[in-house]
Number of protein chains: 2
Amino acid sequence: MSVHVSERSVRRLSLYRRFLLHAQASGSCYLFSHDIATATRTSAAQVRRDLMAISSSGTASRGYHVADLLKSISHFLDAPAPQHVALIGLGNLGRAVFAYFVGRHPNLRITLTFDIDPAKTCRLINGCPCHNIHELNDLCPTHGIRMAILTVPATEAQTVTDMLVRGGIRGIVNFAPVTLYVPVGVFVETMDFSISLETAAFFSRA
Amino acid sequence: MSVHVSERSVRRLSLYRRFLLHAQASGSCYLFSHDIATATRTSAAQVRRDLMAISSSGTASRGYHVADLLKSISHFLDAPAPQHVALIGLGNLGRAVFAYFVGRHPNLRITLTFDIDPAKTCRLINGCPCHNIHELNDLCPTHGIRMAILTVPATEAQTVTDMLVRGGIRGIVNFAPVTLYVPVGVFVETMDFSISLETAAFFSRA
DNA sequence: GCCTGTGAAGCTATTCACAGCT
DNA sequence: AGCTGTGAATAGCTTCACAGGC
């Protein structure tokens, strides 16, 4: 089991799951690899490879059983119990992310939020207490939080990242347009609008 | 010239540029490939390869001249004149994107915005007129717009994409968590928070 | 006939390693 | 000594193509 699944595959599996949930909601019971491929802009062979990697299987006649597939993708992607997530920075972006988050990720829970601004701390934001950023070091370990969403200004991002790493965080979704320095073993995913924009601008003229 | 530069390289070049602008602002005049590599989380060899691809060069003794490098990266990445960009969907997200955009991308300009909500159309948003989405087909070609940012609800994203494609758009930055179907030749970059979140969640436990 | 599962092939991206230069 | 530029090697990813099954 667990024969190393690449980052690319993990991302695609997440996409497959989202599509499968939609398909299931609209009544699909079985799907072929090429259906999943079309819906996620990849190839049928790629879908079969990815599913093979998590040892899912289908039948030649009917393809993949949607409910079973969902179960096995979720078994692979999700932690056994919901993962707790910290949200750092409650400006416009942080609150928007929180709002978007709610109801969409049943297996992930924002359980702690942090900000530097005393006006925001010690209040409930969406029913979740907001702490001062300096409590981060103590609170993250005691709440078993291994993952954080970073919505602080670019100038603060590295400082906060260092605190997160000291607090034992192993995965960061970073919204600040900066490269974060982290030790090996800490995963950083940067949502970099500027880079995406420039890339799209480039290829829109190619 | 122009010996095919991969999408990965384009993205990295955009990152290098951002770093170089910061470095220049803090007084750096020359940098070695390993400096750029460290700042952008890649390898020195990768930096040299990427710069080679756009036929920039440095010297063995001092490395790369920051100002020259910026010039040649910008020459490669940017259009000769600023590109015009349409922003579709002026809800919270669309307005946030607009606000973020301002002042950050001198070579890109949001010149038209669209929404379906009549309450939003025919008004100025950040000094930019907001049109009804049905005018998209006419206005994009006449304004020479080849690129759009899509901040509409997921349910509308494909419909609007079809309109954009008919209007001649060749590049889309999509914020809706859906796969968009576009003909070949149209570049789509999806800012997919859910997928990024799930990927980070996965690797935070690996 | 058209599907899955998968070894093998092909392709792309990255890294190695070193000649040449200062 | 330590850099760049780059051919060669390697690693990683995707597609091909086909045996086996309904």
Side-chain angles (χ1 to χ4, degrees), chain A residues 1-16 20 23 28-70 72-73 76 184 187 195 199 202-203 206, chain B residues 1-16 20 23 28-70 72-73 76 184 195 199 203 206:
Chain A
M1 223 251 97
S2 212
V3 259
H4 187 255
V5 178
S6 72
E7 189 181 318
R8 312 281 278 259
S9 290
V10 169
R11 254 173 238 280
R12 281 191 301 262
L13 285 164
S14 180
L15 268 175
Y16 302 160
L20 291 167
S28 298
C29 193
Y30 285 89
L31 288 170
F32 294 119
S33 58
H34 61 253
D35 298 321
I36 303 173
T38 307
T40 56
R41 307 239 92 193
T42 183
S43 70
Q46 183 73 82
V47 171
R48 295 201 298 276
R49 271 257 177 268
D50 288 333
L51 298 183
M52 195 178 90
I54 60 163
S55 37
S56 295
S57 60
T59 64
S61 51
R62 291 186 293 183
Y64 296 88
H65 186 264
V66 174
D68 285 356
L69 201 46
L70 275 168
S72 82
I73 294 177
F76 173 76
V184 285
F187 182 91
I195 304 299
T199 306
F202 180 84
F203 287 106
Chain B
M1 215 297 19
S2 213
V3 261
H4 186 256
V5 177
S6 72
E7 189 181 318
R8 312 281 277 261
S9 291
V10 169
R11 255 173 238 281
R12 281 190 300 262
L13 286 164
S14 179
L15 269 174
Y16 302 159
L20 291 167
S28 297
C29 192
Y30 285 90
L31 288 170
F32 294 119
S33 59
H34 62 254
D35 299 320
I36 302 174
T38 307
T40 57
R41 307 237 93 194
T42 184
S43 68
Q46 183 72 84
V47 171
R48 294 200 302 273
R49 271 255 179 270
D50 289 333
L51 297 183
M52 196 177 89
I54 60 164
S55 37
S56 295
S57 59
T59 63
S61 50
R62 292 186 292 183
Y64 296 88
H65 186 264
V66 174
D68 285 355
L69 201 47
L70 276 169
S72 83
I73 294 177
F76 174 77
V184 286
I195 304 300
T199 306
F203 286 106

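The sequence lines fix the lettering, A, B, ..., with proteins before strands; numbering per chain opens at 1.
The interatomic distance linking Tyr64(A) (OH) with dC22(D) (C1') rounds to 15 Å, in whole Å. Straight-line distance from the CZ atom of Arg62(A) to the P atom of dG21(D): 18 Å, rounded to whole Å. Arg8(B) places its CZ atom 10 Å from the C1' atom of dT14(C), with the value rounded to the nearest Å. Rounded to an integer number of Å, the gap from His4(B) NE2 to dC11(C) P is 15 Å. When rounded to the nearest whole Å, the span between CG of Leu31(A) and P of dT4(C) equals 10 Å. Taking atom NE2 of His34(B) as the reference point, atom C1' of dG2(D) lies 9 Å away to the nearest angstrom. Nucleotide dT15(C) holds its C1' atom 12 Å from the CZ atom of Arg12(B), rounded to whole Å. Between the C1' atom of dG12(D) and the CD atom of Gln46(A) lies a distance of 12 Å, rounded to the nearest Å.
The main-chain N or O of Val47(A) is never found under 3.5 Å from a side-chain atom of Asp50(A) such that the two would form a donor-acceptor pair.
For Ser33(B) and dT4(D), the shortest distance from a side-chain N or O to OP1 or OP2 is below 4.0 Å. When the side-chain nitrogen and oxygen atoms of Ser57(A) are compared with OP1 and OP2 of dG5(C), one or more of them lie within a distance under 4.0 Å.
Checking dT14(C), dC13(D), dC16(D) against every side-chain atom of Ala45(A), the shortest atom distance belongs to dC16(D). Here dT15(D) is the nucleotide among dT14(C), dT15(D), dT4(C) with the atom lying nearest to any side-chain atom of Ser43(A).
Among the atoms of the strands shown, none is found under 4.0 Å from any heavy atom of Ser9(B). Thr42(B) comes within 4.0 angstrom of no nucleic acid atom, judged by non-hydrogen atoms across all strands. Looking at heavy-atom distances under 4.0 Å, Arg48(B) makes contact with a base.
When every heavy atom of Ser56(B) is checked against every heavy atom of Ser72(B), the shortest pair comes out as OG-OG, 2.5 Å.
Ring-plane geometry between Phe187(A) and Phe203(B) is classed as parallel, the angle between the planes falling under 30 degrees on a 0 to 90 degree scale with a further cut at 60.
Nearest-nucleotide positions on DNA chain D place Ala60(B) closer to the 5' end than the other of Ala60(B) and Met52(B).
One N or O donor and one acceptor, one from the side chain of Arg49(A) and one from the base of dG7(C), sit under 3.5 Å apart.
Atom OH in Tyr16(B) sits 5.0 Å away from atom OG1 in Thr42(B) (nearest 0.5 Å).
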Practice task
Apply side chain to side chain contact (heavy atoms under 4.5 Å, CB included) to the pair Tyr64(A) and Asp35(A), showing each step before the final yes or no.
Solution key: CA-CA 10 Å; Tyr64(A) 296 88; Asp35(A) 298 321; over 6 Å; no
